[in-house]
Each structure stands twice: as C-alpha cells, then as structure tokens.
Amino acid sequence: MELESILLPGITAERPIVIAGPCSIETEEQTMNTAKQLAEKGIKIFRGGIWKPRTKPGGFEGIGVPGLAWMKQVKKETGMYTGIEVATALHVYEALKAGIDILWIGARTSANPFAVQEIADALKGVDIPVLIKNPVNPDIELWIGAFERLNNAGLKRLGAIHRGFSSYDKKIYRNLPQWHIPIELRRRFPNLPIFCDPSHIGGKRELIAPISQQAMDMNFDGLIIESHCNPDAAWSDASQQITPEVLEYILNLLVIRQETQTTENLNELRKQIDECDNNLLAELAKRMRIAREIGTYKKEHNMPVLQAGRYNEILDKYAIQATSCGLDPEFIKKVFEAIHEESVRQQVEIINK
Ligand code: PEP
Ligand code: MN
C-alpha cells in the first residue's frame with residue numbers, strides 16, 4: 001500500500017494525536033458548547049457523529065445533514081479540524097460539500113465490502129485523510145481489505161482505528177480489545193498510523209484512562225475519545241463519554257514512553273525469550289518426529305491412531321505437573337491439546353499412506 005501522512009497543517013506527529021468530541025452531535029448548543037471547551041483544552045480535531053448506526057431501531061439515529069452546518073460553525077469559531085463517520089456515498093458527498101476535514105468508516109461499515117467499495121468509489125480523486133475502524137468481527141484480512149479498497153481508489157492518507165471486537169458475552173469490555181490484531185496490523189503496515197478508541201472498547205468512563213495508557217504503551221499514534229459537555233444527558237453512548245475537563249485530566253496523566261528507550265536489560269531478556277522459543281521449536285519438531293514413528297508402528301500393527309485413555313492420562317498428568325511448576329493448568333491443557341491434535345493429524349496421514 002502506498003501511504004502518505006494523515007497529518008494536517010498544525011497537527012504534529014507527537015503522540016498521542018487526539019481526536020475528541022461527542023458520540024453524536026445533538027443540538028447546536030451541545031455541539032458548540034462541547035467544541036469550545038475542547039478547543040480551550042488544546043484539542044485540535046473535533047469528532048461528531050452525524051449519522052449513527054444503532055444496534056436496534058428506536059434509538060437516536062443521528063441528526064443528519066442539518067448537523068453539518070454546526071460542524072462548519074465549530075471549524076469557523078474554534079479553528080479545530082472536524083471529522084465525521086461516513087457509511088454511504090451520500091454521506092461522503094454531503095461531508096465533502098460541508099468541508100469536513102477527516103472522515104472515518106465505522107466498525108459496522110468496514111465489515112461490509114460493498115459499503116466500503118461504495119465509499120471508495122465516491123472518494124475517487126479526493127485527497128482527504130480517512131480512518132478505518134476495525135470491522136466488528138475480529139478479521140484482520142477484512143480490515144486490510146478495506147484499506148486496499150480505499151488505496152486502490154487513490155486514497156493515500158489512511159489511518160486505522162482500533163475500537164475492539166464484538167462478542168456474545170460482554171463482561172469487562174463492551175468490545176474485546178484483542179490487542180494482537182492491531183499489533184499484527186502494525187507489523188504488516190508499519191507506516192499506517194493507528195488510533196485507539198478507548199470509549200468503544202471499554203464502554204464505560206472508568207476504562208478510558210487505562211485503555212488509553214495501554215494504547216500508548218503499544219506505541220499507537222493517537223486516541224479518539226468521546227467527549228460531551230454533559231455526558232449523562234447524551235443521546236447515545238452516555239456511559240462512555242467524558243467531559244472535556246475529565247479528558248484533559250486523563251491526557252495529562254498519560255505516560256508516553258519513547259520506543260527507543262528499550263534498555264540493555266530488556267534486550268537481554270528478549271534474547272533469553274528468543275532462545276526459549278528456539279528450544280521450544282526444536283523440541284516440538286523432535287516430538288512430532290517421534291509421533292510419526294509411532295504412527296508407522298501403529299500402521300504396521302494395525303492399531304487405531306486414537307487411544308483416548310492414554311490422551312486423558314497425559315492431560316491429567318501435565319495439569320498436575322503444571323501446577324507444581326507455577327503454570328496455569330488450563331493454559332497447559334490448551335497447549336497439549338493443540339500438540340496432541342497435530343500428532344493425531346500426522347499419524348492419520350501416515351496410516352492412510
Ligand atoms: C462511533 O464512533 O460513535 C461509532 C459508532 O463507533 P463504532 O463504529 O466503532 O461502533
Ligand atoms: Mn459512540
């Protein structure tokens with residue numbers, strides 16, 4: 001992918017790049033009041049939802065086109081850049097007409113290649129930064145596919161927003177962070193800026209600070225945080241919005257560690273980990289070789305591959321040993337189940353040769 005900087009004049013790459021504003025803009029007064037407070041706190045990019053994808057009908061689905069005039073007013077009166085979510089070609093058209101500076105594609109939309117393609121087609125030839133939220137389902141290829149659709153349409157100023165992934169069973173988080181997915185995205189596209197959306201991951205105010213800190217520790221570039229002048233009265237996502245004042249407090253408490261700060265000690269520990277991993281690989285290879293020999297033996301003696309009794313014995317034995325080594329028996333059980341499954345697969349292959 002050919003990428004260019006998403007930074008707009010006056011915005012530096014200093015971490016975190018912050019985008020803040022209400023989940024939904026609701027009234028002119030709420031929009032201007034929130035925006036002015038955020039500008040006073042030094043926020044330079046204002047977000048506001050105009051069209052809101054709601055899980056169920058009956059909720060506030062966004063103010064729509066009239067809200068664009070308030071976004072223009074925000075820009076004029078505070079000097080902040082403005083950003084909104086677009087989900088259709090019509091949204092793109094209206095946003096561009098209103099002079100919106102940054103667009104983002106929401107999590108439900110990025111899960112739908114037809115919708116992403118429609119947006120990409122509508123943006124052909126336009127030079128505007130576009131951020132793409134991860135799809136609601138944890139599918140990194142689908143996320144990357146969305147970037148490729150936009151990139152193929154000539155958009156180079158792209159960025160990612162990690163907003164967590166849906167799950168059936170909501171416990172601590174509203175959307176599970178699954179940090180390994182944005183980390184893998186970073187590995188595949190080191191120049192693609194990544195924002196974290198702690199509001200949608202956490203779903204509650206108390207989680208905004210710790211999730212933001214985690215994102216900074218993982219070297220993410222920015223944060224997009226929902227902020228409302230009166231969060232309790234918000235028409236959408238009330239429980240995850242914070243006042244501009246609380247936002248300032250949270251941002252001031254963030255510890256920003258430099259990537260280059262890795263100490264001698266850390267490098268030494270990493271070498272040790274690499275060595276352990278190499279040993280694990282060598283041992284696994286040896287184990288699989290032996291498993292294949294057993295497969296040959298079973299074939300020659302006309303024995304079945306699976307001997308359930310032995311498998312359960314192994315699992316029980318290792319769970320007990322794991323505990324005595326200070327390891328979590330559930331974790332060890334999972335590891336051995338995976339190893340056993342692979343041994344069985346290899347033996348089945350031998351028997352059927
Ligand atoms: C939002 O940013 O308000 C929003 C609807 O987010 P998501 O697409 O991540 O659910
Ligand atoms: Mn929201």
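Counting convention: from 1, in listed order, for ligands and their atoms alike. Quick caveat, the model's predicted, so the values are computed rather than measured.
- Counting the atoms of ligand 1 from 1 in the order shown, those under 4.0 Å from a heavy atom of Gly106 are 8 (O).
- Note: Phe189 CZ to Met1 CE = 4.0 Å, rounded to the nearest 0.5 Å.
- For the residue pair Arg163 and Asn134, no side-chain donor N or O sits within less than 3.5 Å of a side-chain acceptor on the partner.
- Every atom of ligand 1 is numbered from 1 in the order shown, and the set under 4.0 Å from a heavy atom of Arg47 is 1 (C), 2 (O), 3 (O).
- Side-chain contact, His200 with Glu226: a donor N or O sits under 3.5 Å from an acceptor N or O.
- With respect to the Mn ion (ligand 2), Glu226 has OE2 as its nearest N, O or S atom.
- Distance from atom 6 (O) of ligand 1 to its nearest protein heavy atom, with residue and atom name: Lys133 NZ, 2.9 Å.
- Under a 4.0 Å N-O distance rule, the pair Glu330/Lys334 does not qualify as a salt bridge.
- Looking only at heavy atoms of the protein, atom 4 (C) of ligand 1 is closest to His200 NE2, 3.4 Å.
- Nearest non-hydrogen protein atom to atom 3 (O) of ligand 1 is Lys52 NZ, 2.8 Å.
- When distances from the Mn ion (ligand 2) to the N, O or S atoms of Asp237 are compared, OD2 comes out shortest.
- Less than 4.0 angstrom separates some heavy atom of Arg108 from each of these atoms of ligand 1: 7 (P), 8 (O), 10 (O).
- Contact analysis leaves Gly49 out of contact with ligand 1, as no non-hydrogen atom separation drops below 4.0 angstrom.
- Remark: among candidates Glu226, Arg163, Glu85, Arg174, the nearest residue to atom 5 (C) of ligand 1 is Glu85, based on non-hydrogen atoms.
- Salt-bridge annotation for Lys52 and Glu26: absent, with no side-chain N of the basic residue lying under 4.0 Å from a carboxylate O of the acidic one.
- Applying the 4.0 Å criterion to heavy atoms of Cys23 picks out, from ligand 1, the atoms 3 (O).
- No side-chain donor-acceptor contact under 3.5 Å links Asn279 and Glu283.
- Looking at atom 8 (O) of ligand 1, its nearest protein heavy atom turns out to be Ala107 N, 2.9 Å.
- Not one N or O of Asp237 is nearer than 3.5 Å to an N or O of ligand 1, by distance alone.
- The SG atom of Cys23 and the NE2 atom of His200 subtend an angle of 180° at the Mn ion (ligand 2), given to the nearest 10 degrees.
- Annotation: Glu245, atom CD; neighbour count of heavy atoms from other residues, nucleotides and ligands within 6.0 Å does not exceed 12.
- More than 12 non-hydrogen atoms from other residues, nucleotides or ligands lie less than 6.0 angstrom from CD of Glu141.
- Remark: the Arg205 side chain and the Gln240 side chain contain no N/O donor-acceptor pair separated by less than 3.5 Å.
- In terms of N/O distances under 3.5 Å, ligand 1 is not approached by Asp197.
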side-chain hydrogen bond (donor to acceptor under 3.5 Å, both in side chains) between Asn33 and Gln37, worked out: CA-CA 6 Å; Asn33 189 353; Gln37 289 186 43; 3.0 Å; yes
